[in-house]
Amino acid sequence: MNAIQDPEAEIVLRLSGITKRFGGLVANDAVSLSLKRGEVVALLGENGAGKTTLMNILFGHYTADEGEIEVFGKPLPTGDPNAALGAGIGMVHQHFTLADQMTVLENIVLGTQSIWSLNLGKARARAKIRELATDYGLEVDPDRIITELSVGERQRVEILKALYREARILILDEPTAVLTPMETEALFTTLKKLVAAGLSVIFISHKLGEVQSVSDRVVVLRGGKLAGERTTSETTRRELAELMVGGQLPVNEIGPSTPRDVLFELRSVSTPSLGGAALRQISLQLRGGEITGLAGISGNGQAALAALIAGTLEARDGDIVVHGAPVERWSPRAALDRGLGRIPEDRHATGMIGDMSVAENVISEAYRSPRFSRFGFLDWKAAAAFADEIIKAYDVKCPSPEARVRLLSGGNMQKLILGRALDGDPDIILASQPTRGLDVGAVAYVHARLIEARDRGAAVLLISEDLDEIQTLSDRILVIHRGQLSKPSLRGERSVMELGELMAGHGVDEGAPHAA
Amino acid sequence: MRLEPRPSSAGAAKILWPAGAILATVVLSSVLVMIAGASPFTVFWLVAKGAAGSQFALLETLTRATPLIFTGLAVAVAFRAKLWNIGAEAQLYLGAVMTVVIGTGAVTLPSAGLIPLIMVAAMLTGALTLLGPAILKTKFGVDEVVTTLLLNFIVLLFVSMLLEGPLKDPMGMGWPQSKRVVADAQLPRLIKGKRLHFGFILAIASAIVVWVIMKKTTLGYEMRAVGHNAEAARFAGIPVNRVIAKTALLSGGLAALAGFSEVTGLKGNLTLDLSPGYGYTGIVVAMLAMLNPLGVIAAAIFVAGIFVGADAMSRSANVPSYIAEVMVATSLLTMVAAIMLMRYRVRWR
């Protein structure tokens with residue numbers, strides 16, 4: 001952002017020496033941070049670096065073990081969320097906190113006045129909201145019900161809510177994770193207007209590109225500690241990445257693809273909905289030797305598509321064709337028997353059984369094969385040997401094959417899932433959000449394995465909400481919107497903005513007319 | 001107050017927490033004993049003596065533990081797969097019904113053929129009793145806690161009807177009881193002239209078999225996987241509904257063995273007081289054993305000891321034997337708390 005840096009600007013927020021421990025884990029280790037008036041500070045760090053803990057302390061959800069917080073020169077009482085609100089700090093959470101069945105106006109004034117006076121102030125409140133909305137580019141109709149709004153609009157309501165309460169400091173936690181590229185642009189414009197009006201913003205993110213385009217200063221956290229602080233205009237993407245990871249970044253090379261036969265096909269398949277949109281008559285072809293990327297905003301049918309291919313969701317109609325032959329009854333077992341490797345979206349809920357051991361988990365898809373059991377009796381030695389094999393080949397950090405999976409980090413869990421899914425070199429691979437929540441090193445590792453599978457001729461479907469990931473890895477890109485697929489485009493054929501248009505539902509081909 | 005998962009529970013903790021739970025049970029029950037006007041030390045000494053202080057006491061405790069091992073195993077197996085079988089009582093009674101249907105003269109065979117035949121038939125009856133609720137659960141999402149619990153009352157009334165009607169012993173002086181099973185259908189006593197019978201050996205053997213199933217077989221693996229995380233099990237291609245059905249068959253069959261062994265080993269006939277709630281006490285036994293099949297043996301003997309010991313104590317200390325019920329119930333609560341504390345650390349803010 002091009003705001004003129006004023007070294008004399010008033011410091012509105014100062015965190016000094018914040019330390020927070022959870023048992024043996026130090027989530028924040030003597031972290032200090034200051035925020036000036038009219039400034040955007042990006043708080044950058046990987047998952048688990050302590051960003052959210054720090055903000056939760058600022059917001060009174062946790063009490064720091066050591067350290068002090070000062071807002072506008074006054075110490076902030078700890079452990080009291082109301083104190084933070086009262087001191088002029090507003091927070092926009094990653095997961096919105098709106099009452100879905102109420103109007104925008106009601107949501108914004110909720111909690112700001114006595115319920116008995118709700119009707120009296122409505123006209124005034126409406127005027128104030130309209131004014132804030134036009135001033136900062138937060139257009140949204142105050143009288144619409146939240147459920148009717150898009151994700152981007154809901155976020156605007158959250159920001160309006162904070163502004164309505166006279167927040168002078170705005171904290172945004174991973175605000176772009178749910179937005180289309182256009183909505184992200186609009187959000188950045190809003191942020192520029194806010195700081196121009198003298199507000200200060202803390203922008204929490206792990207995406208370097210965004211951090212560079214929106215912030216004045218970057219504070220990098222790593223492993224709970226302050227890893228460094230840079231003025232955005234004087235640093236590079238590479239430097240920030242290395243601060244974040246604490247070393248050299250692994251780089252994946254992806255060569256040109258050599259497309260082969262279609263190995264997996266959906267022919268006008270519809271499904272019931274599953275935590276988001278249902279699939280409506282979608283057709284899809286996955287070719288060997290290619291990574292097909294599926295982009296889309298969360299909740300547009302990705303979950304249903306992943307579950308359908310994995311075998312856990314039954315299709316209403318349409319055909320599933322594997323290796324050219326339509327499948328009669330599709331199930332997880334059928335998928336495995338036909339050589340699918342599947343990486344589920346949710347490691348904890350679907351991928352692994354946390355209370356069972358590493359060995360027990362890695363055999364869960366193959367325990368009935370003669371390799372692991374005979375006459376109904378399991379061969380635990382073979383299971384432990386297989387676990388050891390995966391632990392070595394995939395560099396899983398775990399004490400032993402007997403260790404409970406719950407104790408492993410997300411990245412190590414994902415490596416186990418990869419090892420299980422890719423065992424026996426499956427030629428069709430479903431990777432659903434395979435890198436969500438992983439640190440940069442683990443992400444690079446997962447990507448390398450997917451590229452490796454593609455290069456040996458497997459058909460890979462990569463479902464991701466991270467457009468960067470899709471664009472880097474995919475030979476062919478599809479966009480899903482409200483349960484329907486766009487026409488595929490080849491690598492580099494569509495720009496980010498064009499993909500963004502499709503993600504927002506503009507120009508999805510074969511789209512049925514919308515009910516609204 | 002917040003709960004944080006402990007990184008792991010070491011071997012020693014697996015002994016110390018249950019031991020602590022039992023200690024807490026004793027302390028809590030002491031309060032009631034003092035209210036009843038007796039000294040806790042005397043009372044617990046008398047309970048211990050009554051449970052294990054003589055050969056007679058010990059044999060009586062083992063006799064009482066026999067049905068509890070079966071129902072405890074039934075519950076442990078089902079709970080492992082998160083099939084909440086609260087209906088071991090019903091399965092026990094229907095197993096007993098099948099035992100007297102076949103064993104009172106309908107089939108004539110030598111002992112070596114008749115006893116296994118009755119046993120298998122009883123197990124099948126119990127197995128099918130639990131299969132119904134299991135299918136309702138998997139097909140229609142009906143809560144098995146409700147169905148199995150309510151089935152207990154239905155079955156008890158059904159048995160009552162049978163004992164007043166088709167199964168009523170014509171020579172029973174009008175009492176609601178069945179005919180006695182024939183001599184060839186009776187389990188031998190382990191010691192001449194004492195009540196401890198072959199059912200106890202069968203119970204120990206069953207515990208070992210169940211332990212092997214849970215630890216070594218694909219079925220046990222499937223049951224544990226389904227119990228810990230059904231969604232992940234389904235994703236991995238484990239046939240979750242079929243596993244639940246198999247669990248129900250195994251659990252129901254084990255509970256029915258309690259009825260079979262009480263009739264053929266101890267009572268000889270079926271009456272409405274065949275089980276003073278062994279099906280429900282099986283839940284306590286399974287929880288005390290932390291669902292470990294071999295632990296069930298120890299837990300069943302412990303619980304049986306409290307009941308037998310309390311009976312003896314009440315005769316000499318003038319404290320009602322209901323204290324046994326209180327102790328068993330308290331031990332369930334303290335054990336549940338201990339299991340939680342073993343897995344989580346409590347943090348006060």
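This structure is a prediction, so every number in the text was calculated from the model and none was measured.
With chain B as the partner, the residue from A:Gly354, A:Gly376, A:Gly311 showing the most heavy-atom pairs under 4.5 Å is A:Gly376. Note on B:Ala232, B:Gly237, B:Ala233: by heavy-atom pairs under 4.5 Å with chain A, the leading option is B:Ala232. Of the listed residues (A:Ala349, A:Ser331, A:Ala335), the greatest number of heavy-atom pairs within a distance under 4.5 Å of chain B belongs to A:Ala349. Contacts with chain A were tallied for B:Ala230, B:Ala225, B:Pro239; B:Ala225 has the most, counting heavy-atom pairs under 4.5 Å.
Nearest approach of B:Ala236 to A:Leu336, heavy atoms of both residues: O-CD1, 3.4 Å. Across all non-hydrogen atoms, the minimal contact from B:Ile238 to A:Ser364 is CG1-O, 4.2 Å.
When side chains are defined from C-beta on, A:Arg368 counts as touching B:Glu222, because their heavy atoms get closer than 4.5 Å. A:Phe377 places a side-chain heavy atom less than 4.5 Å from the side chain of B:Val212. Looking at heavy atoms from C-beta onward, B:Tyr221 lies in side-chain contact with A:Trp380 at the 4.5 angstrom threshold. By the 4.5 Å heavy-atom criterion applied to side chains, A:Glu365 and B:Phe235 are counted as neighbours.
Summarising the geometry, atom CZ belonging to A:Arg406 is positioned 9.5 Å from atom NE2 belonging to B:His228; distances are rounded to the nearest 0.5 Å. With rounding to the nearest 0.5 Å, the separation of OH in A:Tyr367 from OG1 in B:Thr217 is 10.5 Å. Distance check, rounded to the nearest 0.5 Å: CG of A:Asp355 to CZ of B:Arg224 gives 11.5 Å.
In this structure, the portions of A:Arg342 lying under 4.5 Å from any heavy atom of chain B include both its backbone and its side chain. At a 4.5 Å heavy-atom cutoff, the contact between A:Leu378 and chain B is made by backbone and side-chain atoms alike. With a 4.5 angstrom heavy-atom cutoff, A:Thr350 touches chain B via backbone and side-chain atoms both.
B:Asn229 places a side-chain N or O within donor-acceptor distance of the main-chain N or O of A:Met352, the cut-off being under 3.5 Å.
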